[in-house]
Number of protein chains: 2
Amino acid sequence: MATIYDVARHAEVSVATVSRVLNGSSVDPAMAERVTQAVTALRYRPNLVARNLRTRRTRLWAVIISDVRNPFFTDMVRGIEDVASAEGYSVVLCNSDEDAAKEADYVDVALAERMAGVILSPSSGRTTHINSLVGAGCPVVLVDRELGGVRADAVLTDNEQGAALATRHLVEQGFERIACVTGPQEYSTAAQRLRGYRAALAEAGRDEDGSLVRFADFREPGGHAAMTSLLDSPMRPDAVFVANNLMTIGVLRCLAEHALSVPADVGVVGFDELPWAEFARPTITTVGQPTYDEGRAAAEALARRIGSPDTEPTRTVLSTSLHVRESSLRER
Amino acid sequence: MATIYDVARHAEVSVATVSRVLNGSSVDPAMAERVTQAVTALRYRPNLVARNLRTRRTRLWAVIISDVRNPFFTDMVRGIEDVASAEGYSVVLCNSDEDAAKEADYVDVALAERMAGVILSPSSGRTTHINSLVGAGCPVVLVDRELGGVRADAVLTDNEQGAALATRHLVEQGFERIACVTGPQEYSTAAQRLRGYRAALAEAGRDEDGSLVRFADFREPGGHAAMTSLLDSPMRPDAVFVANNLMTIGVLRCLAEHALSVPADVGVVGFDELPWAEFARPTITTVGQPTYDEGRAAAEALARRIGSPDTEPTRTVLSTSLHVRESSLRER
DNA sequence: TTGTACGCGTTATCAG
DNA sequence: CTGATAACGCGTACAA
């Protein structure tokens with residue numbers, strides 16, 4: 001593979017001149033022409049590894065997401081990519097698969113490869129590897145989940161508002177015993193969505209003693225198990241608010257297995273949009289997040305952070321919206 | 001950020017010794033101990049950019065997929081990741097978004113960053129940028145789609161077999177006018193699935209004059225438009241084989257809009273598994289691909305290619321399987 | 001086994 | 001504006 005020296009020799013100029021042509025400094029037009037000729041003739045491609053070493057920076061952003069198969073994250077990536085390419089960065093995606101160890105590995109790689117910045121949706125409450133990233137001066141933006149004790153920008157959705165929206169809707173529909181299946185307590189999203197659920201019930205003057213709350217794992221089997229447990233409980237619910245998309249699938253599967261009809265026997269509202277929400281029968285009521293805009297916001301925050309590393313961390317909170325569909329409508 | 005020189009000074013050894021400790025060469029235990037102490041004390045992290053430059057290689061694989069929101073590709077990524085990490089590589093995902101220009105950009109980055117290898121699901125019939133990658137000596141494996149004139153390993157599924165399976169099933173169910181919505185003609189997958197459809201019809205002794213075939217774009221709106229066109233045609237079909245997952249969604253939406261019931265009015269079989277195939281009402285019959293194994297196979301091919309760059313390109317073809325569900329069952 | 005010194009391919013500095 | 005040359009941080013002959 002040709003180097004800048006080969007190009008210089010071929011064009012009969014110095015390597016400095018070649019470098020200048022490549023980077024847009026002002027050079028004599030005739031020389032520049034010879035250089036570009038040589039570049040195409042030799043099929044020269046600048047070695048970014050060498051450039052990165054010399055300039056001590058990269059044009060690469062790492063986006064470490066906790067689950068590539070969750071449409072919530074992949075939708076967000078689109079927003080990130082659009083901003084990144086406008087800012088002149090390339091995006092590489094890393095899938096931590098909800099595994100803290102894999103996440104730590106990718107954080108290591110991002111640091112060791114001297115990536116220009118990292119957008120991360122944390123896969124656990126562990127913060128040491130993230131703090132070492134921040135401590136090393138790598139620009140970091142957290143998305144979706146908040147992490148106590150990490151000084152980094154964060155882009156979040158108003159989980160409490162969304163959960164309250166969902167729960168209030170179920171109350172208004174006349175459901176009596178509204179359950180909540182939320183995620184692991186150490187995730188800020190799980191805690192906030194639970195809080196929104198409780199706030200809406202309190203607002204309606206209802207007692208909530210915790211017997212209708214289940215903590216699961218944000219994955220499908222967890223949702224299934226939680227719903228099973230709820231159905232087995234003495235206070236059998238007639239509606240359920242499920243705090244993320246994958247668990248909603250588990251809940252629906254469980255209800256189907258018990259031959260319970262939705263919403264006649266049990267009303268359902270899920271957090272996160274489902275790409276096929278309108279396809280299921282009944283169609284599924286969901287709390288939607290502005291995923292694309294969330295991606296954009298995260299990318300913009302990262303760009304700002306790179307531009308001014310020493311400003312205070314920002315915290316951006318986006319609003320959710322309720323998409324009412326059949327699964328939560330009380331038949332009269 | 002600390003360099004290897006800082007560590008050497010702190011441990012009172014030479015940089016060579018530090019490097020040896022880091023890379024597992026044999027050094028005096030006492031010295032090694034001092035080095036590791038210094039490493040932790042200084043929070044030293046090897047600079048992979050420098051290492052990559054020096055060794056002229058990387059431990060990164062680029063996986064360039066045509067659509068991060070298509071579960072087919074993200075499922076495959078899991079298989080790739082598992083093999084990659086076992087082989088000591090990190091995987092970075094690049095989303096070309098079915099856009100040949102973005103794909104070319106990522107290919108450029110992979111080449112310029114001297115990535116160890118590339119797994120690519122082509123986004124178009126264009127081959128020049130891919131050939132320049134191959135020509136530059138970068139190990140490349142193509143997945144899902146075949147590309148004429150590119151000397152690279154390929155991991156594919158038996159599209160013709162899968163399409164025939166689907167079509168034969170519709171024939172056996174007694175459907176009379178079986179349509180086919182396939183993808184752009186320049187994609188090998190689209191052509192092969194169409195061929196399988198035709199083969200199965202011929203096998204059943206049926207004429208097929210092309211009036212029930214539509215070429216769409218492998219995306220949802222394309223599927224919708226194709227189905228609309230089929231419903232408007234004189235030979236209105238009573239069943240349809242749809243050649244990928246996203247178009248299947250478009251077809252289903254179109255049928256719902258026309259208040260046609262599936263499978264009573266129109267039977268449906270889709271290519272590619274849908275994560276919610278069992279959730280829709282009716283449940284959707286699909287031709288499933290072994291996505292995880294396909295990912296593994298691609299990664300294994302890449303590892304082999306890196307190990308022996310000059311062997312002949314291989315071509316791995318995996319089998320599909322038909323998942324019969326309600327959407328294709330003729331009611332009697 | 002250990003240390004010295006060179007080179008990987010760029011960009012940046014400094015004379016000219 | 002151009003060219004020679006010193007870094008960037010690391011691995012590895014080579015010599016000790």
Side-chain angles (χ1 to χ4, degrees), chain A residues 1-36 38-39 42-60 88 108-116 136-138, chain B residues 1-36 38-39 42-60 88 108-116 136-138:
Chain A
M1 196 160 296
T3 76
I4 201 171
Y5 278 93
D6 301 320
V7 176
R9 199 172 312 127
H10 192 279
E12 297 178 313
V13 298
S14 73
V15 290
T17 302
V18 177
S19 177
R20 288 190 189 103
V21 172
L22 262 38
N23 295 296
S25 295
S26 60
V27 296
D28 180 84
M31 291 190 126
E33 176 57 21
R34 292 217 306 278
V35 169
T36 46
V39 165
L42 299 176
R43 284 211 200 78
Y44 168 73
R45 328 235 352 123
N47 184 330
L48 288 193
V49 178
R51 175 178 293 173
N52 294 340
L53 177 60
R54 177 62 236 230
T55 60
R56 305 155 124 268
R57 60 207 187 89
T58 296
R59 299 303 287 178
L60 237 39
D108 269 9
V109 171
L111 196 52
E113 294 279 3
R114 302 300 191 263
M115 304 242 182
C138 179
Chain B
M1 195 158 298
T3 75
I4 201 172
Y5 281 92
D6 301 321
V7 176
R9 200 172 311 127
H10 192 279
E12 297 178 314
V13 297
S14 74
V15 290
T17 302
V18 177
S19 176
R20 289 189 189 104
V21 172
L22 264 38
N23 295 298
S25 294
S26 61
V27 297
D28 181 84
M31 292 190 123
E33 177 57 23
R34 291 218 306 280
V35 170
T36 46
V39 165
L42 299 176
R43 285 211 201 79
Y44 168 73
R45 326 233 356 120
N47 184 330
L48 287 191
V49 178
R51 176 178 292 174
N52 294 341
L53 178 60
R54 175 62 237 230
T55 60
R56 304 158 124 268
R57 60 207 187 89
T58 295
R59 298 304 286 179
L60 281 183
D108 269 9
V109 171
L111 196 52
E113 294 280 2
R114 302 300 191 264
M115 305 240 183
C138 179

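Numbers restart at 1 for each chain; the letters A, B, ... are given by sequence-line order, proteins then strands.
Of all heavy-atom pairs between V49(B) and E113(A), the closest is CG2-O, 3.5 Å. Residues V27(A) and A32(A) share a closest heavy-atom pair of CG2-CB, 3.5 Å. Pairing each heavy atom of R59(B) with each of G88(B), the nearest pair is NE-O, 3.3 Å. Nearest heavy atom pair, residue M1(B) against residue A136(A), reads CE-O, 3.5 Å.
Listed by residue number, L53(B), R54(B) are the residues of residues 43-54 of chain B with a heavy-atom contact under 4.0 Å to DNA chain C.
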**Prompt:** Where do N47(A) and T3(A) land on the side chain to side chain contact (heavy atoms under 4.5 Å, CB included) test, with the steps shown first?
**Reply:** CA-CA 8 Å; N47(A) 184 330; T3(A) 76; over 6 Å; no

**Message:** Determine whether N52(B) and R114(B) satisfy the following criterion, side chain to side chain contact (heavy atoms under 4.5 Å, CB included), listing intermediate values before the conclusion.
**Reply:** CA-CA 8 Å; N52(B) 294 341; R114(B) 302 300 191 264; over 6 Å; no

**Request:** Could you walk me through whether D28(A) and T17(A) pass the side chain to side chain contact (heavy atoms under 4.5 Å, CB included) test, one step at a time?
**Result:** CA-CA 9 Å; D28(A) 180 84; T17(A) 302; over 6 Å; no

**Prompt:** Is there a side chain to side chain contact (heavy atoms under 4.5 Å, CB included) between Y5(B) and V18(B) once you walk through the steps?
**Reply:** CA-CA 9 Å; Y5(B) 281 92; V18(B) 177; over 6 Å; no

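Panel note: side chain R34(B), backbone A11(B); a donor-acceptor pair is recorded below 3.5 Å.
In this structure, the side chains of R20(A) and V13(A) stay at 4.5 Å or more apart for every pair of heavy atoms.
Remark on DNA chain C: of its neighbouring residues M1(A) and P29(B), the 5'-side contact belongs to P29(B), judged by nearest-heavy-atom nucleotide. Nearer to the 5' terminus of DNA chain D, by closest-nucleotide assignment, is the contact made by S26(A) (compared with the other of S26(A) and Y5(A)).
Here chain B contacts DNA chain C (any atom closer than 4.0 Å to a heavy atom, that is under 4.0 Å), and the contacts span dT1(C) to dG9(C) from 5' to 3'. You can see that DNA chain D meets the heavy atoms of chain B within a 4.0 Å-exclusive cut from dG9(D) to dA13(D), reading 5' to 3'.
Within 4.0 Å of S19(B), counting heavy atoms only, lies at least one base atom of the nucleic acid.
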